[in-house]
Amino acid sequence: ETLDRAGPKLGSVLAVNPRALEDARRLDTERAAGKLRGLLHGIPVLLKDNIESADPLPTTAGSLALVENQGNRDAPIVARLRAAGAVILGKSNLSEWANMRANGSTSGWSALGGLTRNPYSLDCSACGSSSGSGAAVAANLTALAVGTETDGSVTCPGAMNGIVGLKPTVGLLSRRHIIPISHTQDTAGPMTRTVADAAAMLTVMAGTDSLDPATAEADQRRTDYVAALDARSLKGARLGVLRPRKGAYGDAAEEVFEKALDQLKEAGAELVELQQPPQRGRIGRNEMIVLLYEFKAGLNAYLADTAAAVKTRTLAAVIEFNKREADRELQHFGQQLFIQAEATDGLESPVYRKALEENRRLAGPEGIDRLLGEHRLDALIAPSTGRAFKIDFKNGDRFQGGQMRLAAVSGYPHLTVPMGLADGLPVGLSFIGTAWSEARLLSLGYAF
């Protein structure tokens, strides 16, 4: 109430769970009696409001069209958090529909939740789409938060809010009962103040879900990520340096990156300078084709299975709802991506299948894996993105670049950790690896 809704008005928490205090008291009583449920017993967790929980809260993606979407069911990752003793504190605000409604949108704004602001500077973006999760952790409104990422939606708000954000390998965490964009790129991920906390969350949330085919390998691949942390893991590690184009992220951010490189070398890492992978423009063009096709298919399937009170049960119905509610829903930006997605002709389309096959190959085997293999690297490193930019409803977001796309398109893991302050605003350092390399990335980030 004091910081988020009054005072600075961060706008990071969309809804507070009315059961949170009751749950916390019960868990405190259990702890006092010597009963511990797991790693997160009694620890508050905020969920991005595209993730369902069996609390008296709707799951809205920030849209007025889903205010009745109270399904009374836990997403499998939420059930795992709850079983480990976490207190579901509430739902965090987000870029509406996880930033999949329009180009030129303003990150952190939703019709239902309003605008999330960056705690380091209230006139700056918290980035998105997991804006509220990032800002709430940075402002100490919650110990832990869950975000989701399709391309940059955990790692960008992680970096710009000065916290830890992990996008895991697609398939390590179940995506069921989470409002989708892309079944080939979507994943939830932890957002925390420390790497150890992210490792604890991942240990709890990871695992196979028989109803999410992408997670078939998760039980074999998951491990105790906390036990795998080693403060000496940088010693002897070979890290491939992906430098941004000179000036791309701003001088202040690049100075912080140079200092971080010196710190990595002092800790015993061997740095290998790399060229940026080719075909980045082609990957970006293909990615939008893939996302538009998968969004229509995935959202229609999700909406068909929502609470009976939900009236908008297809993407086409949401588009019409937004037209009727244009004064509230379309006041800052439109729904061009919705319209383009609705015009797609199904996942059997050769246009879609070609874009998907080419992108997975270019970003994975011929991108991240080739760089790691040719240079015998443990991970790739780069500045995650530039400093937070000014909020600008008229012109939308003004990104200075980022190192999110290869990991997003390939489905590989990407960890951002706080690197320092550039002119008073946080910037993050990215660690990127091959599929299922979370334990190694977390340990390297922990050492840094």
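Just the heavy atoms: all of them, side chains too, but no hydrogens, waters or symmetry mates, feed the values below.
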What's the shortest heavy-atom distance between [X] and [Y], and which atoms?
| X | Y | value |
| --- | --- | --- |
| Ala86 | Val45 | CB-CG2, 3.8 Å |
| Ala188 | Val146 | CB-CG1, 4.1 Å |
| Ile391 | Ser125 | CG1-N, 3.6 Å |

Residues [X] and [Y] bridged, charged N to O under 4.0 Å:
| X | Y | result |
| --- | --- | --- |
| Asp55 | Arg82 | yes |
| Arg101 | Glu329 | yes |
| Asp212 | Arg176 | no |
| Glu287 | Arg405 | yes |
| Asp305 | Arg313 | no |

Taking the side chain as every heavy atom from C-beta outward, state whether [X] and [Y] have any pair of such atoms under 4.5 Å apart.
| X | Y | answer |
| --- | --- | --- |
| Val154 | Ser130 | yes |
| Ile432 | Leu406 | no |
| Met205 | Leu81 | yes |

Aromatic ring centroids of Tyr412 and Trp436 under 6.0 Å? no

State yes or no: are the ring centers of Phe257 and Tyr249 separated by less than 6.0 Å? no

Between Thr60 and Asp49, does a side chain to side chain donor-acceptor pair (under 3.5 Å) hold up when you go through it step by step? CA-CA 6 Å; Thr60 69; Asp49 195 29; 2.5 Å; yes

Does atom CD (Gln220) have a neighbourhood of more than 12 heavy atoms from anything else shown, all under 6.0 Å? yes

Using modelled atom types and a 3.5 Å cut-off, is there a donor and acceptor pairing between side-chain atoms of Asn50 and backbone atoms of Ala61? no

Check: Ala408 main-chain N/O paired with Asp151 side-chain donor or acceptor under 3.5 Å: no

Aromatic rings Phe393 and His332: how do their planes relate, parallel, tilted or perpendicular, breaks at 30° and 60°? parallel

I need the single residue from Arg282, Arg361, Arg360 that forms a salt bridge (Lys or Arg N to Asp or Glu O under 4.0 Å) with Glu366. Which is it? Arg361

